[in-house]
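This report concerns only the one structure given below.
Just so we're clear, the structure is a prediction, and the values are computed from it rather than from any experiment. For this chain, numbers begin at 1 and follow the sequence in order.
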Amino acid sequence: MSLTLYYHPLSSYCHKVLIALYENATEFEKRIINLADDADRAELQALWPLVKFPVISDHLRQRALPETTIIIEYLDRYYPGEQPLIPNDWETALEVRLWDRFFDNYVQEPMQQIVGDRLRSANADLSKQRSTLETAYAMLDHRMASRIWMAGQDFSLADCAATPALFYASTLLPFPGEFKHLSAYFDRLMRRPSVQRVIDEARPYFSLYPFADAIPKRFFQAPDIT
C-alpha cells in the first residue's frame with residue numbers, strides 16, 4: 001500500500017485528514033501512535049522531529065508530510081477522488097483555503113488551549129479563548145445562513161477542517177440556541193458518511209477526552225441507518 005497515516009483516533013487534527021481520506025475512498029494503512037509509548041514516539045519522531053501527528057508517508061514517492069492542510073492538498077494532487085477537496089476554480093479555492101485557516105486558527109486553537117489547560121490542571125484565565133470561540137460561532141452562523149457547505153457548492157477541505165473543530169469546541173462552549181444556521185450546518189456535517197466513520201473509530205477513546213461528559217449522548221452509539 002502506498003500510503004501510511006500516523007495518527008490517533010481521538011485527535012481532532014487527525015480527524016480532519018481521516019475525513020478527507022474517507023471522502024475519496026483513498027486506500028491507506030493506519031498506524032496508531034501512542035505518544036506515551038517510547039517506541040511509538042521514536043517512530044513518529046523519525047518522520048517529523050516535532051513529534052506531532054498526523055503525518056502521512058507516501059512510500060511510492062518516498063516522502064513524509066506533516067500538517068493537515070498540506071496533507072490534504074497533497075492527497076488532492078496525487079491521490080484525487082471524484083470530487084476535489086480543493087476546487088479547480090481559483091476564487092473558490094481561495095475561499096476554501098481561507099475557511100480552512102479560520103477553523104484551524106480560531107476554533108481549533110482556542111479549543112485546544114482550553115483542553116490543554118484541563119489536562120494540566122492549570123486553571124488559567126481562558127476568557128480570551130472562549131471569547132474567540134463566541135466570535136467565531138457568530139461569524140459562522142451568519143455565513144451559513146444561505147449555504148450548504150462552507151465554501152463553494154461542494155464539500156471541501158474547509159468542511160474537513162470544520163468538522164472536528166466544531167465537534168470538540170461545542171463540548172466546551174455549546175452553540176447558542178439562536179445560532180440555528182450553525183447548528184444546522186453542524187448536523188449536516190455529522191450526517192456525512194465519512195464523518196460518521198471517524199466518530200465510530202474515535203468512540204472507544206472518548207473516555208480519554210477530558211471533557212468526555214460534555215460529548216452529546218448521541219455520539220456514544222452508532223447511528224441507526226436502517
Side-chain angles (χ1 to χ4, degrees), residues 5 7-26 30 54 68-69 71-72 75 81-83 85 96 99-100 102-104 106-112 114-115 133-134 136-226:
L5 181 69
Y7 79 115
H8 192 279
L10 191 62
S11 163
S12 59
Y13 277 116
C14 293
H15 288 188
K16 178 178 167 181
V17 172
L18 285 168
I19 291 166
L21 288 162
Y22 293 154
E23 277 291 319
N24 285 326
T26 307
K30 297 175 181 178
T68 56
T69 300
I71 291 171
I72 295 172
L75 292 171
E82 292 185 8
Q83 180 62 50
L85 294 174
V96 166
W99 288 98
D100 167 70
F102 178 90
F103 282 108
D104 280 7
Y106 304 114
V107 183
Q108 285 262 35
E109 184 171 337
M111 175 271 290
Q112 293 206 335
I114 294 170
V115 171
L133 288 178
E134 290 171 354
Y137 286 178
M139 292 174 65
L140 291 168
D141 188 68
H142 177 75
R143 180 170 177 81
M144 297 312 297
S146 59
R147 292 177 169 274
I148 300 300
W149 303 116
M150 185 52 55
Q153 298 297 313
D154 300 304
F155 188 95
S156 71
L157 164 66
D159 303 294
C160 294
T163 304
L166 293 174
F167 178 85
Y168 283 110
S170 65
T171 67
L172 311 177
L173 185 69
F175 307 141
E178 66 270 23
F179 287 177
K180 305 296 185 184
H181 306 302
L182 174 57
S183 295
Y185 172 56
F186 180 72
D187 287 342
R188 282 194 295 278
L189 292 172
M190 293 301 108
R191 291 195 298 269
R192 195 86 177 174
S194 61
V195 174
Q196 291 183 356
R197 184 173 177 182
V198 168
I199 297 297
D200 287 346
E201 293 174 358
R203 189 174 296 115
Y205 301 90
F206 278 168
S207 63
L208 301 176
Y209 177 56
F211 294 90
D213 290 346
I215 297 176
K217 300 303 180 187
R218 62 179 169 136
F219 294 119
F220 280 89
Q221 58 186 17
D224 185 0
I225 59 174
T226 59

Measure from the side-chain N and O atoms of [X] to the backbone N and O of [Y], and report whether any donor-acceptor pair falls under 3.5 Å.
X: Asp141; Y: Ala138; answer: no
X: Arg143; Y: Met150; answer: yes
X: Tyr137; Y: Leu173; answer: yes

Over all atoms of both residues, closest heavy-atom pair of [X] and [Y]:
X: Val96; Y: Leu157; value: CG1-CB, 3.6 Å
X: Ala20; Y: Leu85; value: CB-CD1, 3.5 Å
X: Phe220; Y: Pro216; value: CD1-O, 3.6 Å

Ion pair check, Asp200 and Arg197, cut-off under 4.0 Å: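 Salt bridge between Asp200 and Arg197, a charged N being under 4.0 Å from a carboxylate O: no.
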
Asp100 with Lys16: basic N within carboxylate O range, under 4.0 Å: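 The answer is yes: the pair qualifies as a salt bridge.
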
Residues Leu166, Phe175; criterion side chain to side chain contact (heavy atoms under 4.5 Å, CB included); working and verdict: CA-CA 9 Å; Leu166 293 174; Phe175 307 141; 4.1 Å; yes

Verdict with supporting geometry, Met190 and Phe167, side chain to side chain contact (heavy atoms under 4.5 Å, CB included): CA-CA 9 Å; Met190 293 301 108; Phe167 178 85; 4.0 Å; yes

pair Glu201-Tyr22: side-chain heavy atoms closer than 4.5 Å: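 A side-chain contact under 4.5 Å exists here.
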
Side-chain touch Phe103/Leu140, heavy atoms, less than 4.5 angstrom: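 Yes, their side chains come closer than 4.5 Å.
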
His8 ring center near Tyr205 ring center (under 6.0 Å):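 Yes: the rings meet the under 6.0 Å criterion.
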
Centroid-centroid distance, Phe206 to Phe219, less than 6.0 Å: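 Centroid distance Phe206-Phe219: not below 6.0 Å, so no.
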
Trp99 six-ring centre to Arg147 NZ/CZ under 6.0 Å and within 45° of normal: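 No, Arg147 does not sit over the ring of Trp99.
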
Spatial distance of atom CD (Gln112) from atom CG (Leu172) [nearest 0.5 Å]: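 So the gap between those two atoms works out to 10.5 Å.
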
Evaluation steps, side chain to side chain contact (heavy atoms under 4.5 Å, CB included), between Thr69 and Asp104: CA-CA 9 Å; Thr69 300; Asp104 280 7; 3.9 Å; yes

Among Phe186, Tyr13, Tyr209, ring-ring contact (aromatic ring centres under 6.0 Å, His included) partner for Tyr168: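 Among Phe186, Tyr13, Tyr209, the one that satisfies the ring-ring contact (aromatic ring centres under 6.0 Å, His included) with Tyr168 is Tyr209.
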
Check against side chain to side chain contact (heavy atoms under 4.5 Å, CB included), Leu182 and Met144: CA-CA 6 Å; Leu182 174 57; Met144 297 312 297; 5.6 Å; no

